[in-house]
Structures are given as structure tokens and as C-alpha cells.
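Let me begin by presenting the structure, written as C-alpha cells, before commenting on it.
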Amino acid sequence: MTIATHTELVHHFTDDFTALQDAVLARMNGMAPPETAAALAHPALAGPIAIALAHADVLARGDIRRTELSGLPAAQRLRHLREHARRVRRARSEADAVCKEQRARRIADRPGPPLEPLELRVARAVDPEAYGRALREVLLDRGSPAADVRAVDNDLALWAREWGSAAAQLPLAVRELLECHDDAFVQALLHDAREGENPHLAHDAVVERWGRHARTALAWGRYAIAQAERHVLARPSTARRAQLDALDDAYQDAAILAARAREARHRIADLHDRIRDRAAAGPFAELIARCRAAALTRFAADKPRLWQRACRLATEHREDCDARADGCPRCHRTLAALLTEHTSADTSQDGEDGGGGSEGSAPGYKERYAILDDFPSRAAVAVADAAIGDESALCGYGWAAEDGTTGYGDSMASCSGEAEVIGVCQAALNLLGRHPEAPVLVLCDSTEAVEAVNLALKSADPAAAHRTVLFPEGRELLDRLLPHRDRFQVRWLKGHIGHDLNETADALAGLAVRRATGRVSASAAGKEVTRILRSLSSDPDPGTAAA
């Protein structure tokens with residue numbers, strides 16, 4: 001019996017998500033009928049199977065967590081659930097690998113556009129902004145509305161899609177999704193998961209925005225899980241039924257968000273494939289070729305020295321290149337790097353914007369943040385660290401100061417960087433209160449957190465750190481820190497190198513997240529804190545602040 005005879009079953013699985021997931025899990029457990037297993041091997045189901053397993057993965061972890069928090073003796077059930085979750089995770093990884101292999105095969109089999117001259121590829125790699133500017137001017141001259149102009153070589157799919165839809169009237173619901181604020185769009189994704197599927201998310205004009213914000217929506221799903229966990233843990237183990245049901249609902253929503261995020265990725269890949277096919281042949285390919293040729297003429301006129309050097313370097317390269325018969329398809333990156341080295345020294349003489357300036361000599365994290373000689377000796381110094389849970393947005397933070405004080409607590413974070421920001425802010429606010437006249441320095445081993453806090457301090461606005469700090473807990477802490485920005489600094493410290501304060505902060509953060517998730521009792525946590533502080537210092541009673 002061949003796959004071709006299972007067309008009806010393949011269509012059924014394509015249309016019925018629940019049936020597909022049941023069949024996939026049955027195959028995973030070795031219980032699927034032969035005809036079902038054969039149908040699931042159909043290439044058209046590779047993407048849907050990956051989506052179904054993304055959904056099942058979250059549900060499997062939710063079943064474990066609900067059982068852990070139920071307070072009932074269920075060691076055997078937990079072993080069964082954990083083994084099931086491991087099998088689902090393996091199956092999900094295998095399904096993702098199949099999707100990647102299929103896409104790589106499609107890309108390899110698809111005829112690409114004609115290879116552009118090596119000189120153009122070298123010059124464009126050196127100064128993509130100049131070429132993009134020339135291309136936009138060409139498109140404007142050809143009548144494209146300014147709002148629809150995109151540099152073809154920077155994002156061909158987006159450009160082609162907008163050219164194709166410029167004359168079309170988008171449905172009102174699609175226009176609303178395109179024009180709303182990012183926060184409103186994320187709310188639309190949450191509504192899609194919790195209330196009812198929104199078919200307009202799959203529209204070609206919206207799907208890329210869907211993909212960009214799917215991770216944010218999933219973070220809010222983990223936030224709901226964390227809130228539900230807190231409500232469960234606040235009740236005695238014998239009176240948690242309603243709270244456990246709410247936790248189950250939160251995991252159900254998060255599972256849908258995970259599946260829809262995976263679906264968005266597949267739809268974006270399909271969109272790009274379709275538009276690249278369109279851009280590689282027919283009238284559209286001719287339009288792109290004409291635009292690029294005109295843009296090249298403008299680029300050469302605007303950047304004559306760069307263009308001459310690119311041409312000379314390309315000519316010299318072809319004499320010895322083994323790939324010259326194929327047009328040197330990948331040589332332009334190496335040549336662009338060589339050209340950049342020669343160009344940076346005399347950019348100012350050419351009157352061209354090289355964009356290098358003094359940034360090349362600017363100290364990096366290793367040079368700048370490992371040195372504290374420029375900071376006053378009377379400063380209050382602490383090291384902060386954080387840890388985030390696996391299943392929800394619950395996180396723990398910890399800090400240890402040179403004056404012997406320490407602190408730890410829990411909060412909500414969308415990622416490890418946001419958790420580290422919370423730890424930095426908690427340490428800083430404590431030291432600022434304890435040392436009202438002294439400057440305060442907090443060290444952190446997360447470059448993402450250091451950059452986010454510095455960005456918020458520089459702009460005097462917590463919203464400036466929105467790429468890292470998503471939840472209100474972190475933003476409220478940053479807001480409290482802003483009035484003290486004149487006497488507070490945060491710097492990077494390389495982690496896990498034996499620094500006593502860093503190791504203590506790390507241990508306290510790990511303890512805090514285990515306490516927040518109910519994996520360690522209050523009495524056991526107190527004993528562990530004593531052990532951690534004893535290892536920090538011979539001081540028999542250092543101060544501790546637990547938030």
C-alpha cells in the first residue's frame with residue numbers, strides 16, 4: 001500500500017488538528033495503524049505535524065506541573081508523565097528537522113535568479129545603504145508610492161509582496177491588523193489563542209508581523225501560567241482544585257500560542273518561497289532586473305571611487321579564482337572585507353560615509369567593564385544574578401554586596417535578560433537606600449541586561465528597554481531607579497569565574513526560583529541561605545534581605 005492511496009486520510013489530517021495530533025502521538029508510541037503511519041509520512045503533513053507536536057509539548061509539561069502541585073502522592077504517575085514529555089520533545093525535534101530538510105531541498109531545487117556581476121556584489125556588500133538608497137530613488141522614479149518602496153536586495157519578499165498588493169484593496173480586518181500598535185497586535189494574538197482563531201493572521205500582508213510578535217504573545221502565555229502557579233501555591237495542598245483547573249487552562253492557552261507561533265513560521269517560509277518564485281521569472285523578474293541596472297548606474301555615479309576599486313579588485317580576483325567559471329558566487333564577501341580595510345583609512349578623503357569613525361577603538365565589554373579603577377573607592381558595590389523557570393515566567397534573583405548584605409526574591413520575566421534586569425534593579429535600590437550619599441555600582445554577567453538598564457537610564461524612560469523588559473514588574477523597578485541615575489551605574493562582570501559575590505548571587509537566584517515554584521519549602525530555603533552565606537564570608541551573621 002503506497003502513500004498515494006492515502007490521499008483522503010492526508011486531507012483529513014490536514015483539516016482536523018485534533019485527529020492529526022492523536023495520530024502523531026499514536027505513531028510516537030508505536031500504536032498507529034499502518035495506513036495512519038503511511039499517511040503521516042506524506043510530505044504535505046511535515047509542517048502540520050511539527051505544529052501539532054509544538055502544541056503537545058506544552059501540554060505534556062503542563063500535565064507534569066499540575067501533578068507536581070496537586071499535593072497527592074503520585075510518584076509513578078510523574079515518572080510516566082515525564083517519560084511521555086521526553087518522547088514528545090524528541091518527536092518534536094525530529095519533526096522540526098524534517099521541515100528544515102524539506103525546505104533546504106526546495107531551495108536547492110529552485111532555480112535562482114541570474115548571478116549579478118561580481119563588482120556589484122562587492123560594492124553593495126561594502127556600502128549596502130548607498131545601493132539601497134539608489135534603488136529606492138529608481139523605484140520612486142518609476143512611480144512606486146514612497147510608503148511601498150523597499151530595497152530589493154535587503155528584503156525581496158517584503159518588497160515584492162507590497163508591489164503585488166499596492167493596487168489591491170486589502171480587507172478591513174487585514175488593514176486593522178497592519179495599522180494597529182504593537183501592543184494591540186499582541187492582544188489580537190492572545191485573543192486568537194484564547195477566544196477564537198483569527199483567519200486574517202495568515203494573510204500575506206500580515207503573516208510576517210504575526211511571526212515577529214508570536215514570541216511576545218507566547219511570553220504573555222507563560223506570564224499567565226506563572227500567575228496561576230502563584231495562586232496554586234498560595235493554597236493548602238488539599239484545597240487547590242479550582243486553582244489547578246486555572247493552571248490547566250493557562251497551559252492550554254500557552255499550547256495554542258506555541259502551535260500558532262510554529263504555524264506562523266511555516267506560513268512565512270511559504271510566502272517567501274512563493275514570492276521568490278515569482279521574482280525569478282516573467283515580467284516581475286524583468287522589472288527587478290531593470291531596477292537593479294538603473295540603481296547600479298546611480299550607485300556608480302554617487303560612489304565613483306568605491307565602484308572603481310570594486311571593479312579593479314574583482315578583475316584581479318578573477319585571474320586566479322577557481323570558481324570564476326561559475327561567476328565567483330561566494331567570493332564577494334571576502335573581497336568586500338578586503339576593500340573595507342583599504343577604504344577605511346581614507347574614507348574622509350573620498351567624502352564618503354564609511355560609518356567606521358572611532359567605533360573601532362571603542363572599548364568592548366572585556367576592556368571597559370572589567371576595570372573599576374575609575375569608580376570612587378567609597379562606592380557601594382554589589383553583584384546581581386538571576387534564574388528563570390523552565391515552564392513559566394516565574395524567575396528568581398539574588399544579589400550580594402561588598403558591605404556584607406545580600407538579598408533574594410522572585411518576580412516575573414519573559415527571558416533571562418529581563419530576570420537579570422530585575423536582579424540589578426533590586427540590588428541597586430537596596431544599596432541606594434542603605435547608602436544615601438554614596439555612588440552605587442551593580443555588576444551583572446548578562447550583557448543584555450546591562451545594555452537594557454543603561455538604555456533606560458540614558459533615555460530616562462523604562463519603555464526604551466522594551467526589547468528586553470516586557471512585563472510590568474521589571475518596568476516598575478526601572479521606573480523607581482530612574483530618579484537615582486546620576487549616582488548609579490551597572491557594568492558587566494564575567495560570570496562563573498570564581499568571584500565570591502557572583503557565585504553567591506547565582507546561588508541565591510537559583511534558590512529563589514525553586515522557592516517561588518514550590519520546589520523547596522520555606523524551612524529548607526532558610527537552611528540553604530545559611531549555608532550559602534557561610535560559604536561567602538566568615539562573618540557569622542551577615543545581613544540578608546529577602547523580598
Side-chain angles (χ1 to χ4, degrees), residues 15-22 47-48 50-66 69 88 92 171-203 206-234 240-268 388-395 412-415 418 466 470-473 475:
D15 296 335
D16 190 331
F17 180 83
T18 301
L20 172 65
Q21 187 171 79
D22 290 343
I51 294 169
L53 285 168
H55 183 270
D57 184 23
V58 177
L59 291 184
R61 288 182 277 126
D63 287 342
I64 293 172
R65 192 67 182 126
R66 194 177 193 280
L69 295 174
V88 172
R92 178 181 180 179
L172 176 61
V174 172
R175 292 204 308 273
E176 289 175 346
L177 287 171
L178 284 173
E179 296 168 1
C180 68
H181 189 272
D182 284 350
D183 291 343
F185 190 86
V186 171
Q187 288 301 315
L189 297 186
L190 294 173
H191 187 275
D192 169 81
R194 294 168 177 171
E195 303 296 335
E197 185 173 322
N198 186 343
H200 302 292
L201 291 171
H203 193 284
V206 179
V207 67
E208 286 178 311
R209 190 179 192 192
W210 178 16
R212 287 196 304 273
H213 291 285
R215 187 174 180 179
T216 301
L218 187 52
W220 283 108
R222 296 177 71 244
Y223 188 89
I225 291 174
Q227 289 181 313
E229 272 190 296
R230 280 183 165 175
H231 292 153
V232 171
L233 291 166
R240 292 178 173 177
R241 179 180 295 276
Q243 289 73 25
L244 287 170
D245 288 344
L247 177 63
D248 186 59
D249 290 343
Y251 268 103
Q252 293 283 346
D253 292 342
I256 296 174
L257 286 165
R260 294 288 273 165
R262 197 69 176 81
E263 180 183 352
R265 288 171 56 188
H266 284 290
R267 290 186 180 276
I268 291 170
I388 191 165
D390 295 329
E391 315 302 340
S392 74
L394 280 173
C395 70
M412 305 274 208
S414 61
C415 61
E418 183 167 3
H466 70 279
L470 177 64
F471 296 152
E473 289 80 358
R475 294 197 180 188

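Nothing here was measured: the structure is a model prediction, and the numbers come from that model. As a basis for the values below, the full set of heavy atoms in this structure was taken, side chains included, without hydrogen atoms, waters or symmetry mates.
The side chain to side chain contact (heavy atoms under 4.5 Å, CB included) test applied to A50 returns A95, D96, C99, R262, H266, not counting sequence neighbours. R265 pairs by the side chain to side chain donor-acceptor pair (under 3.5 Å) definition with nothing, not counting sequence neighbours. Under the side chain to side chain contact (heavy atoms under 4.5 Å, CB included) criterion, A19 pairs with H12, F13, D16, not counting sequence neighbours. Checked against side chain to side chain donor-acceptor pair (under 3.5 Å), Q227 has no partners two or more places apart in sequence or in another chain. R92 pairs by the side chain to side chain donor-acceptor pair (under 3.5 Å) definition with D57, not counting sequence neighbours. Partners of L69 according to the side chain to side chain contact (heavy atoms under 4.5 Å, CB included) rule, which considers only residues two or more places apart in sequence or in another chain, are R65, E229, V232, L233, R240, L244, L247. Shown here are the side chain to side chain contact (heavy atoms under 4.5 Å, CB included) partners of A255, two or more places apart in sequence or in another chain: H55, V58, L59.
Listed by first then second residue, pairs satisfying side-chain hydrogen bond (donor to acceptor under 3.5 Å, both in side chains) with a partner in residues 192-203 read D192-R260, not counting sequence neighbours. Among residue pairs with one or both ends in residues 242-253, those qualifying as side-chain hydrogen bond (donor to acceptor under 3.5 Å, both in side chains) are R66-D245; sequence neighbours excluded.
Each of R230, R222, E418 was compared with M412 under the side chain to side chain contact (heavy atoms under 4.5 Å, CB included) criterion, and only R230 meets it.
I51 contributes atom CD1, which lies 9.0 Å from atom CG of L20 (distance to the nearest 0.5 angstrom). For the atom pair CZ (R61) and CG (D63), the distance works out to 11.0 Å, reported to the nearest 0.5 Å. Rounded to the nearest 0.5 angstrom, L470 CG and D183 CG are separated by 8.5 Å.
Residues T18 and Q21 form no side-chain contact, since every pair of their non-hydrogen atoms from C-beta on lies 4.5 Å or further apart.
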Distance-only donor-acceptor pairs under 3.5 Å for side chains of residues 213-220, two or more places apart:
from	atom 1	to	atom 2	distance (Å)
H213	NE2	D182	OD1	3.4

